Undergrad: 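This structure is in structure tokens; I'll ask about it shortly.
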Amino acid sequence: MLVEHALLLSALLFVIGSLGVVVRRNAIIVFLCIELQLNAVNLAFTAISRHVGIEGQVFVFFVMTVAAAEAAVGLAVIISIFRHYGTVGVDKFNLLKW
Amino acid sequence: MFLVESTLRSALAPSSALASALPAAAPQEAAHWEPFLPGLVVLLPLLGFVANGFLALRAARRSSAAVRAGKEWSPIAGSVRPRTHTLPTWIGPGVMAAAFGLAAINFATAWGAHLAEPVIAGPYWTWIATETLRIDAALQLDALSLAMTMVVTGVGFLIHVFSVGYMKDDPGYPRYFAYLNLFVFFMLVLVLGSGYGTMFVGWEGVGLCSYLLIGYWFSDVKKSDAGKKAFIVNRIGDFGFLLAIFLIFQGFGTLDFMPVSAGAAGEFAYGGTMVTAITLLLLLGAVGKSAQVPLHVWLPDAMAGPTPVSALIHAATMVTAGVYMVVRSSALYALAPTSQAVVAGIGVLTAFVAATIAFKQNDIKKVLAYSTVSQLGFMFLAAGVGAYTAAVFHLVTHAFFKALLFLGAGAVIHAMHHAVEHGDEPPAGHGHMDPQDMRNMGGLRKHMPVTWAVMGVATLAIAGIWPFAGFFSKDEIIWYAGAWAGAESNPFGGLYVAYWVLALVTALLTAFYMARLMVMTFHGANRTGPAASHLHEAPRVMIVPLVVLAVLSVLGGWLNVPEALHQTALGLFGAVPAEGLHHWLAPVVHAAEEIQAGAIGEASKSAPIGGGELAWALVSTLAAAAVVIATFRVLGRRSYATAAADPGPQTALGRFLHGKWYFDEAYERTVVQPVLAASRWCWKVVDTRVIDGFVNFTGSFTRVAGWVASVFQTGQVNMYAFVLALGVLLVLGAAVLLP
């Protein structure tokens, strides 16, 4: 019973995160939404580990470590973008083509 | 390397065997006979080709190096010739002399041993070995191939010697001898090969050399076109020959001559479809190679090559390969009476058509070319009436007198060319005078008496006047045509009577056009103009071969004096053995003659309208002599216009004959133009529209698709994330929903 609730919450958080990534313009918000997605996955891992074994919880630590590193790099990139363009709106730059 | 070694090894082995076998050989019946170095006969011209080819390449390299350095270099400019242009003089004729010597030794010992069974030399190696088909590189020595080898090497040697004088001032001198030697090599492979497979190698090889030598002066586009024409027309014939080879293999499981001719009667029913198909396909090959109607059109054009080449390849040897092949396959032809009737029909038709065309030609080599076509027709007629010996006999005598005629014409052209080049001024108002046009000649007898004399001998020989060579051989062919028509159960008796009449008429036409050639060239007033003072007799190196061939043209006929003439005045009252060639060739055509005798019975003893062989021999020689004399008297009085002033033939018939029966024009319209039109259609429609269209469509479709796809690549990260999520959803959805 509890697992299903936890998974449902996880899915809800993930969808909210995904929608945030697609819809929001502010890079900081997009970044936070990615974090939301990661934590939704963490929640799912933890809930599942109850049935499957301890590995799920081990994975959570991995994800948190990677997320910490990613946060550091991501924030640095955003700061660098802000310094260059004077804005952090993702719709304001379109370098990622060709 | 392997070829040289193995040939030498197996060629050397029999020589010691010969020495030990000679004392024990019985003089009377067919004794054991060992060939003496047969492989070397074939190998020597090949070595000559390699040596001369090497010299030709060296000369070419030197010339191109000079051009690259911005200088001019001509091998014939200075007073001292470079070594590349002096060595071929000795190598070219030298290997031929050696090959002829070896061939003569073999021929003489085989004659002495009364060779009856073919002797196989080799196999030197196996060319093709599969489970069912095995083709050895081996030589078959028997009466026919030895006789052919004698002609090829003997006449070939004389023509090589003549070429030394004729081609002396040509920059391509070593290349010329390389090609000529290569030709002799392939011709020897053709006549000595032990089966249809090896024969085909020689067959194609001589075709290649013919092409190379017709287009020898390749910078003249007309001459290189003539070479292409010869090659392409011959392809049609080769296609038939190849199909025939396949069918022979299907029937016999082997391509060797011996099992084929021995097993023909057991394998095929008389007049059966299969044997008729094989022989007709073989005939297609022979018609192409031997320039018979309707594939004769290439031979007159082949005169674009140097004149000694015309003498060797396009008169004496290569073009007779078709006749040789029919005689070689005589056991098959004897089983197919329909094919025989076709062979004889094509032969006599060719003889007649070509003889009429020769009436109205003005180019001396063209007259001789059509004369060759006509004489080849006679040989086919002989082969078609089962007189294979007569075919080979005419082949041999024709090789003598036609080589002589061509070389004589070569001497004339040589002199004319010289005169035109050194003449003070070109004839009135025209820049260039054709040195081959008989209308520009006349009265050359005064300037070149020896050439006139030997050409006269050859003319009498080809006209069939006793006692010259052509009398015996041509008369025999006509006689056999008549006798065959009267054979007891000949299914096409009436047809052969027509052939016989046509052959008689053609023999008289021959006498006429050859007499015309003599009159226009050597008699009457000279029409060369101011250049005439530069006309001169040919140098000795060219005269000597002419004289030797003249002697052979006189004596060649005595090889085979018919039995009926043997004891009479026409046979010198038995001074010469009768039917020498016939007895010699008997083992080769024995199988065919047995089949023929069984199927259609004895040949008639008299001609279709009565009279024996002796009577008709007298009639034909007297008639030919009368034609020659009449022609000389009538045409000798006529005055000819020079080529520049000649308005051309006035009558419709004259134009028709001058236009060569419009064969070329007919082919142009029915074959060449449709093929060109079809090619153009393939080019404009199939190639540029369909094939190029498809390729271009592929290209532009990819570009358009790429452009459409690039619209989605906005550079907006959100967009990418959206597409990514959508993709994941699609994949997951598919994995869940689809079973």
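Numbers restart at 1 for each chain; the letters A, B, ... are given by sequence-line order, proteins then strands. For clarity, every value in this text was computed on a predicted model and none was experimentally measured.
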Undergrad: To the closest 0.5 Å, what do you measure between CG (B:L726) and OG (A:S18)?
TA: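 Those atoms lie 12.0 Å apart.
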Undergrad: Judged by atom type as modelled, is there a donor-acceptor pair below 3.5 Å linking the side chain of B:N718 to the main-chain atoms of A:R25?
TA: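 No, the answer is negative, given that no donor and acceptor are paired below the 3.5 Å cut-off.
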Undergrad: My understanding is that only residues two or more places apart in sequence, or in another chain, count here; which of them pass side chain to side chain donor-acceptor pair (under 3.5 Å) with A:E70?
TA: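 In terms of side chain to side chain donor-acceptor pair (under 3.5 Å), with neighbours along the sequence ignored, A:E70 is linked to no residue.
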Undergrad: Heavy-atom count check: over 12 atoms from other residues, nucleotides or ligands less than 6.0 Å from B:F231 CZ?
TA: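 Enclosed: over 12 neighbouring heavy atoms sit under 6.0 Å from CZ of B:F231.
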Undergrad: Quick one: list whatever passes salt bridge (Lys or Arg N to Asp or Glu O under 4.0 Å) with B:D692, sequence neighbours left out.
TA: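 So B:D692 forms no salt bridge (Lys or Arg N to Asp or Glu O under 4.0 Å) with any residue.
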Undergrad: Among A:V21, A:V90, A:V22, which residue has the highest count of heavy-atom pairs closer than 4.5 Å to chain B?
TA: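 So the answer, after comparing A:V21, A:V90, A:V22, is A:V22.
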Undergrad: Taking atom OH as the centre, does B:Y667 end up with more than 12 heavy-atom neighbours from other residues, nucleotides or ligands that are less than 6.0 angstrom away?
TA: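 Yes.
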